[in-house]
Number of protein chains: 2
Amino acid sequence: MTTTKKQMLLDAALTLFVANGIDSTSTASIAKLANVANGTLFHHFKSKAALVHTLYLTVKQELSAQISPQKINNDCINEQAYFIWNKAIDWSITNPEKLQFFKQITYSKALSVELRAEVMAQELSFLSQLITIGQQQKIIADYPIDLMLDAAQGLFISSSSFFIDHPQYINNQDYRTSAFKIFLSALSRG
Amino acid sequence: MTTTKKQMLLDAALTLFVANGIDSTSTASIAKLANVANGTLFHHFKSKAALVHTLYLTVKQELSAQISPQKINNDCINEQAYFIWNKAIDWSITNPEKLQFFKQITYSKALSVELRAEVMAQELSFLSQLITIGQQQKIIADYPIDLMLDAAQGLFISSSSFFIDHPQYINNQDYRTSAFKIFLSALSRG
DNA sequence: GTCTATAGACAGATAGAC
DNA sequence: GTCTATCTGTCTATAGAC
């Protein structure tokens with residue numbers, strides 16, 4: 001058995017959080033699904049909040065690792081954006097529970113605004129870089145960058161949710177292309 | 001005193017739901033803030049879930065009434081979109097708590113997917129009409145309409161949240177105009 | 001590290017007087 | 001309609017044996 005009990009607790013928590021919501025999920029039910037005693041949960045995580053916190057960081061890092069490019073260059077910005085966008089959408093389709101959890105926690109009060117902003121800045125710094133290069137090349141619009149990042153995140157979440165809620169369109173090229181076009185033209189120069 | 005106890009309970013619930021989250025808010029604390037006895041809450045609402053449900057419908061109808069135009073015509077689609085967008089943003093800025101509640105509940109498990117979709121379809125019917133007219137006039141892109149509606153809602157939520165989280169930009173014309181341009185160009189024909 | 005057992009607080013909801 | 005009082009169940013977290 002290579003999976004540790006700590007990891008089994010995180011997996012069980014993700015499943016139950018997505019199914020019932022974070023606050024409505026008891027630590028007892030998490031431990032039960034993970035086939036672990038109640039006390040063991042509190043050995044690995046000093047509180048329920050600490051478990052949520054750890055799970056959030058884990059998911060965020062996984063997404064970041066999945067979509068961040070090896071290297072950003074000055075070549076065709078649109079094409080680099082295309083690859084990042086599609087890797088992000090693919091990740092969410094492959095991991096619908098993780099996207100759902102990410103969505104819930106992003107729009108809830110479970111985490112402080114500061115922590116969310118910090119993780120966003122750290123993990124997704126390459127996005128800001130890409131936008132800045134695109135602005136210098138007069139490809140991306142000169143809107144305030146903080147507003148653009150929020151809009152990009154909003155479109156990623158709404159598009160991913162759409163494909164998860166309507167799986168029949170996941171391999172529909174019309175829908176896939178449209179989603180990217182909406183994203184790109186939202187941020188492009190007019 | 002014109003405000004009924006039922007309304008005071010709804011007001012108190014909104015405040016506490018936004019401050020602490022829906023599940024983390026006890027019915028006792030709602031009753032206390034409303035200066036009402038615990039049992040009175042259960043006289044007006046048969047359960048906590050019924051209270052949440054009523055509050056959701058109230059907020060949704062208020063937003064809809066605020067932004068829906070008297071009449072949709074075939075004149076300049078961009079301008080009609082401009083008015084609707086700004087009325088929506090203004091509503092959210094004037095009612096930050098209501099937007100926050102709307103955001104939380106939209107992305108949580110507190111309400112069934114069916115109810116949300118039903119209310120959304122009813123409320124946003126005039127938006128679908130506007131998009132269809134814009135497509136006929138070759139102004140709006142021919143993306144699938146369900147995808148466009150989800151994108152529009154995602155941009156509304158991310159933009160509203162941005163202004164509420166950064167109130168110093170509410171009257172900044174650069175930010176306000178940029179937010180609308182992002183929204184419009186996302187849906188416009190390339 | 002993992003377990004059992006339980007403390008201690010608090011939740012949602014009901015009953016019945018006024 | 002509104003109140004007080006209270007029931008029953010559940011929650012997070014801890015203590016201590018193994």
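Letters A, B, ... mirror the listed sequences (proteins, then strands); counts begin at 1.
For Glu62(B), the salt bridge (charged side-chain N to carboxylate O under 4.0 Å, His left out) partners at least two apart in sequence or on another chain are Lys98(B).
In this structure, the separation between OH on Tyr107(B) and OG on Ser108(A) is 13.0 Å, given to the nearest 0.5 Å.
Not one N or O on the side chain of Gln61(A) forms a donor-acceptor pair closer than 3.5 Å with the backbone of Glu123(A).
Rounding to whole angstrom units, CD of residue Gln7(A) and C1' of dG1(C) are separated by 17 Å. For the pair Leu16(B) CG and dA11(C) P, the interatomic distance rounds to 12 Å; values are reported in whole Å.
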_Per-nucleotide protein contact string for nucleotides 2-15 of chain D, where B marks a base within reach and S marks sugar-phosphate only (heavy atoms under 4.0 Å, - for neither)_ = BBB------SSBB-

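Of the candidates Val18(A), Ile30(A), Thr15(A), Thr25(A) forms a side chain to side chain contact (heavy atoms under 4.5 Å, CB included) with just one, namely Ile30(A).
With Phe163(B) as the aromatic partner, Arg176(B) meets the cation-pi criteria of under 6.0 angstrom to the ring centre and within 45 degrees of the ring axis.
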